[in-house]
Amino acid sequence: MKVTVIGYWGAYPEANEATSCFLIEEGQTKVLLDCGSGAVAQLQNKIELKELDGVILSHYHHDHMADLGVLTYSRIVDISLEKTDRPLQIFAHNHDMKAFDSLGSATYTSVVAYNESTPLIIGSLIVSFQKTAHPITCYAMKIESQLTDKVLVYTADTAFDEALIPFAERADLLIAETSFYADQDGSQFGHMTSEEVAQLATASQAKSVLLSHLPHFGFHHQLKSEVQRGYGKQVTLASTGAIFHL
Ligand code: ZN
């Protein structure tokens, strides 16, 4: 399984970058976890848009789905030009029916509701979900490879939640939202501090951690050292285009 950081900012993208978006590839399968602002431009540095199978959305905040509309337009163009005949698959929760119903139209997209009880099978990947602690309904994702048994866990947006510990167990890579510094309190906004990320990573025995959903203040290397202080294994700050092979 190959994981590429397409975007990692919280809230809005800094110049020439993108908010939350990760490209997951295994075999011929290519899917995005979230599709934040700026993601479509960045994604084309890695693959052609027509190659993408689909997008799995964690929730309906703009910094996780702002580029979904234009990504859908790209599929309309590519199907019209006969570059592909495959609709773009969009996987999302349907707790917010208005948001869910506006995700796409038939012919060019295939919109599928996911839930906690039935994992999705996408190519050789098994994707399961767990609700997080966030102001609107949001799901963390676990992506397991049937080929290699490697496990990727993406917290999406969440305050620290003990229920995530068993969900994140066995993760070869834990993509953890790290929105605040150790001396702050992110819980009222539904986000984690660096200290809480260290707690989650340690308790779940994650093998490595990638810090994402990074803030627009302070110094990110401080976030990294704060996580490392409580968690002895490998910690990486997300950066545009960074690739991880699991
Ligand atoms: Zn959010």
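Just so it is clear, the model here is predicted, and its values are computed rather than measured. When a ligand or atom number is given, it counts from 1 through the structure's own listing order. We use all heavy atoms of the structure for the numbers below, so side chains are in, but hydrogens, waters and symmetry mates are not.
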Is the distance from the Zn ion (ligand 1) to some N, O or S atom of [X] under 2.8 Å?
{"X": "His64", "value": "no"}
{"X": "Cys138", "value": "no"}
{"X": "Asp157", "value": "yes"}

Closest non-hydrogen atom pair, Gly10 against His216: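 Reported closest heavy-atom pair: O-NE2, 2.7 Å.
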Which word best sums up how the rings of Phe180 and Phe189 line up, parallel for under 30°, tilted for 30 to 60°, or perpendicular for over 60°?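 Because their plane-to-plane angle is under 30°, the rings of Phe180 and Phe189 count as parallel.
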The Zn ion (ligand 1) is nearest to which N, O or S atom of His61?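 Checking each N, O and S atom of His61, the shortest distance to the Zn ion (ligand 1) belongs to ND1.
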Any heavy-atom pair between the side chains of Lys131 and Cys138 that's under 4.5 Å?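 No, side chains not in contact.
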Any side-chain heavy atom of Asp85 within less than 4.5 Å of one from Ile79?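 Side-chain contact under 4.5 Å: no.
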